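Please read all numbers here as calculations on a predicted model, not as lab measurements.
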Amino acid sequence: MIANKPGLMKKKPTVGETQESAWAWLKRERHALKGAAVAAGIMALLVVWFLLSVPSLLAVAPAVGMLASAFLVWQQWQSQTGRASPASGELQVAQRRLSDSEQRFRALLESLPKVAVQGYDRHRRVIYWNEASTQLYGYTPCEAQGRALEDLIIPEPMREEVIAAHRLWMTHGTEIPAAELELRHKSGAPVAVFSHHVMLGEQTQDPLMFCVDVDLSVQKQARRDLEFLTRFDSLTHLPNRQTFESELNAFTERCHAMGDYVAVFVIDLDRFAEINDAQGYEHGDALLFQVAKRLRRCQRSSDLLSRFGSDEFAMAFPHLKHSGDALRLVEKVLDVFSEPFILTNREIHVSASIGISLFPDNGTTARELIHNADVAKNRAKLSGSNRYGFFQKEVHDELVRQHHMVERLRHALRRGELALHYQPQVAARSGRIENLEALLRWFPQEGGTVSPAEFIPVAERSSLIHRIGEWVIREACRQQAEWKRVGLGDHRIDINLSGKQVSQLDVFDHLEACMQEFGLSPRDIGIELTENVLIQSDDRVLDVLRRLHHRGMKIAIDDFGTGYSSLSYLKLFPVTALKIDRSFVRDAPSDLSDRAIMAATVFIGHRLGLEVVAEGVENEEQLELVQELGCDLVQGFYHYKPMSAADIQRMLAVRLLVVPRIIRD
């Protein structure tokens with residue numbers, strides 16, 4: 001390396017030089033030889049020490065310091081000047097010894113493991129590049145020679161800073177401090193190093209800068225491994241309890257600002273110790289890994305999942321708008337354990353007990369929420385396996401009731417407890433029955449009825465709404481086919497579709513498949529959607545609705561005026577009818593505001609070529625008002641209550657063109 005320094009090797013004096021100048025030359029070369037020997041000695045000690053030291057960041061600093069000292073000693077002795085030698089023979093011996101010392105110094109420098117040394121001129125162009133630099137940065141000496149430091153290994157964001165620091169050192173003597181840096185490999189990959197800088201001849205016209213870089217990749221990886229072990233579970237690679245608590249605290253702060261709920265679940269596997277005892281810890285670990293994998297499927301991008309230890313997991317679900325949303329999440333987690341797990345080609349059924357706490361009702365910190373969920377979990381375990389419990393009794397009671405209702409609804413589907421009733425829509429002026437709306441009813445085997453206002457929202461919050469919706473579509477199509485078979489199918493049946501159903505486009509595929517199965521046309525079946533469903537629908541839903549509309553299917557907006565009313569979507573969606581909500585009809589005779597809203601709806605609907613239906617007409621005064629406003633159809637108790645299919649069939653058989661009448665209890 002030293003041979004690459006311009007002017008470092010002195011020119012051999014000529015025979016004609018004077019004795020005095022020759023003597024001065026010999027004296028100067030002896031000083032240089034002594035300096036080289038001292039530097040070489042330091043380097044030899046450095047090599048021995050480096051090979052015996054454990055590679056770590058603490059070991060790097062002394063190494064860099066000793067290497068820098070060697071450079072400084074070399075510079076000091078090389079800068080000594082004297083007078084020439086009188087004897088050319090002695091001069092040649094001195095030069096030979098100096099050259100040997102330089103070669104030993106270079107060999108020692110090249111042999112340093114994982115210490116990359118590069119030399120740069122005043123323009124930061126490479127003048128020296130050792131083998132360790134090639135191993136570290138990927139450039140061979142030939143590739144690096146003459147190229148600028150910033151173009152080789154300095155990342156773009158650091159370049160201006162590096163250039164400015166180098167210039168400041170040359171002009172003002174401000175040294176570049178040793179530091180950990182992330183430089184750049186030839187491939188573009190980052191390279192972590194501890195870098196020390198030495199400036200030689202900074203007071204001359206040709207200063208040289210040497211960079212001594214020690215590879216920190218092993219230390220960095222060890223640091224990453226240590227950080228992983230302190231933050232994550234080694235078996236499942238899930239965050240541990242400490243990490244979970246930290247992230248949960250951050251979630252609660254954000255949700256507090258937004259007024260949202262956070263649900264915290266503590267999940268404990270039932271009788272896990274028995275599996276460990278019967279099949280061994282290896283199988284127990286395999287089961288825990290599978291459980292973690294399934295729980296990840298329940299996890300949205302914003303949710304937290306952690307393993308607390310042994311057979312206990314925890315989850316956090318932020319940004320819930322209602323405390324009741326936790327019921328849907330409980331069912332989703334419980335479904336994880338509905339299918340058996342496979343261990344050594346054997347099926348093992350595992351259940352879990354879950355404790356649930358809600359922010360902010362059950363605590364404001366992660367510690368409180370986790371503790372309360374754990375308490376609820378322990379209470380749930382007392383009730384048996386595969387149970388869950390809420391910490392707050394009021395919420396617990398309500399959610400348990402809803403959960404029981406979901407279970408009852410599942411049984412109702414299997415037992416045939418659900419039925420469709422039909423309410424006629426009649427012409428406002430003539431009273432002639434035009435269409436029928438299919439309405440879901442639940443008649444439990446133990447007697448009584450359950451209001452749709454009570455069980456439909458529960459079904460909406462669970463995945464059960466899809467199964468119920470499919471049953472409604474098929475039953476309505478079957479009934480229409482039956483009425484057509486007996487000559488009573490001249491009235492369209494309208495089916496209500498919820499937002500959750502529409503979000504899955506297969507509901508329309510199921511509708512068309514059922515119509516085809518029972519030989520129905522799009523004019524036999526219509527659909528009703530709330531305005532909120534339309535606003536939240538994407539282009540795929542719009543395309544399907546347009547296709548159905550073009551085939552002749554009627555599409556009505558139900559409960560118009562009660563949601564996020566926007567006239568813009570009326571021209572975007574293929575709507576054929578508006579149904580004015582009963583809340584406006586009920587008070588319109590005495591409330592001028594409700595009457596104005598109804599009048600505006602009728603006006604806009606007719607201008608757009610839409611049919612207008614008034615819902616909830618229960619008395620003559622309301623009927624007269626909707627007739628006066630120009631509504632096309634009327635639906636309500638004034639004419640007909642919802643009736644069973646058998647009652648509708650008997651009525652249609654007797655009165656195909658009936659005069660309006662009041663159905664009384």
Side-chain angles (χ1 to χ4, degrees), residues 420-441 449 451-454 456 491-494 496 526 528-532 554-565 567 570 575-644 647-648 650-652 654-665:
L420 288 184
H421 281 201
Y422 302 88
Q423 186 173 31
Q425 297 174 359
V426 303
R429 294 293 179 184
S430 66
R432 181 182 184 273
I433 296 177
E434 299 289 343
N435 314 306
L436 301 170
E437 180 182 1
L439 300 170
L440 183 61
R441 295 293 184 263
T449 61
S451 169
E454 185 177 3
I456 288 181
H491 307 93
R492 185 184 73 241
I493 295 179
D494 291 338
N496 290 280
E528 294 186 6
L529 308 168
T530 64
E531 51 193 329
N532 293 344
K554 300 298 182 181
I555 303 172
I557 298 180
D558 196 15
D559 302 332
F560 184 78
T562 60
Y564 300 103
S565 299
L567 299 180
L570 290 179
V575 176
T576 60
L578 300 179
K579 299 187 71 175
I580 301 176
D581 187 69
R582 65 183 66 250
S583 61
F584 298 110
V585 176
R586 181 183 62 244
D587 299 327
S590 58
D591 191 313
L592 295 179
S593 297
D594 286 341
R595 184 180 301 188
I597 292 174
M598 289 183 60
T601 302
V602 173
F603 176 80
I604 293 172
H606 287 170
R607 282 302 182 95
L608 294 174
L610 306 179
E611 221 173 25
V612 179
V613 184
E615 294 186 289
V617 176
E618 298 181 355
N619 55 54
E620 190 168 352
E621 186 179 16
Q622 293 171 347
L623 176 62
E624 291 175 355
L625 177 61
V626 299
Q627 289 174 336
E628 177 185 338
L629 293 176
C631 292
D632 302 295
L633 299 176
V634 174
Q635 182 176 346
F637 286 8
Y638 181 80
H639 290 299
Y640 300 101
K641 288 184 176 181
M643 293 180 283
S644 66
D647 290 340
I648 287 286
R650 282 192 294 269
M651 181 191 68
L652 293 179
V654 176
R655 302 176 60 186
L656 295 179
L657 295 173
V658 297
V659 176
R661 64 186 181 87
I662 301 177
I663 304 295
R664 304 199 182 275
D665 294 334

[X] side chain near [Y] side chain, heavy-atom distance below 4.5 Å:
| X | Y | value |
| --- | --- | --- |
| Ile433 | Leu652 | yes |
| Leu439 | Pro452 | no |
| Leu440 | Asn496 | no |
| Val602 | His606 | yes |
| His491 | Pro424 | no |
| Val634 | Gln622 | no |
| Lys554 | Asn435 | no |
| Phe584 | Asp594 | yes |

To the nearest 0.5 Å, what is the distance between [atom1] ([X]) and [atom2] ([Y])?
| X | Y | atom1 | atom2 | answer |
| --- | --- | --- | --- | --- |
| Asp591 | Met598 | CG | CE | 11.5 Å |
| Arg492 | Glu434 | CZ | CD | 9.0 Å |
| Leu610 | Ile557 | CG | CD1 | 7.5 Å |
| Asp559 | Leu529 | CG | CG | 11.5 Å |

I'd like to know if the side chain of [X] and the backbone of [Y] have a donor-acceptor N/O pair within less than 3.5 Å.
| X | Y | value |
| --- | --- | --- |
| Arg595 | Ser590 | no |
| Arg429 | Gln627 | yes |
| Glu618 | Phe637 | no |

Subject >> Residue pair Thr601, Leu629: steps toward the side-chain contact (heavy atoms from CB on, under 4.5 Å) verdict >> reply: CA-CA 10 Å; Thr601 302; Leu629 293 176; over 6 Å; no

Please give me the minimum heavy-atom distance between [X] and [Y], naming the atom from each residue.
| X | Y | value |
| --- | --- | --- |
| Ala588 | Leu625 | CB-CD2, 3.2 Å |
| Ala438 | Ile493 | CB-CG2, 4.0 Å |
| Leu578 | Gly605 | CD1-CA, 4.0 Å |
| Ile580 | Cys631 | CD1-SG, 4.2 Å |
| Val626 | Ala614 | CG1-CB, 3.7 Å |

Subject >> Distance-only polar pair, side chains of His421 and Asp647, donor-acceptor under 3.5 Å >> reply: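 His421 vs Asp647: no donor-acceptor pair found between side chains.
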
Original post:
When you look at Thr449 and Arg441, which way does the side-chain contact (heavy atoms from CB on, under 4.5 Å) test go after all the steps?
Top reply: CA-CA 8 Å; Thr449 61; Arg441 295 293 184 263; over 6 Å; no

**OP:** Please list all pairs passing the side-chain hydrogen bond (donor to acceptor under 3.5 Å, both in side chains) test where one or both residues lie in residues 575-586, with sequence neighbours left out.
**Re:**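 Non-adjacent pairs meeting side-chain hydrogen bond (donor to acceptor under 3.5 Å, both in side chains): Glu437-Lys579, Glu528-Lys579, Lys579-Glu615, Lys579-Gln635, Asp581-Ser583.
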
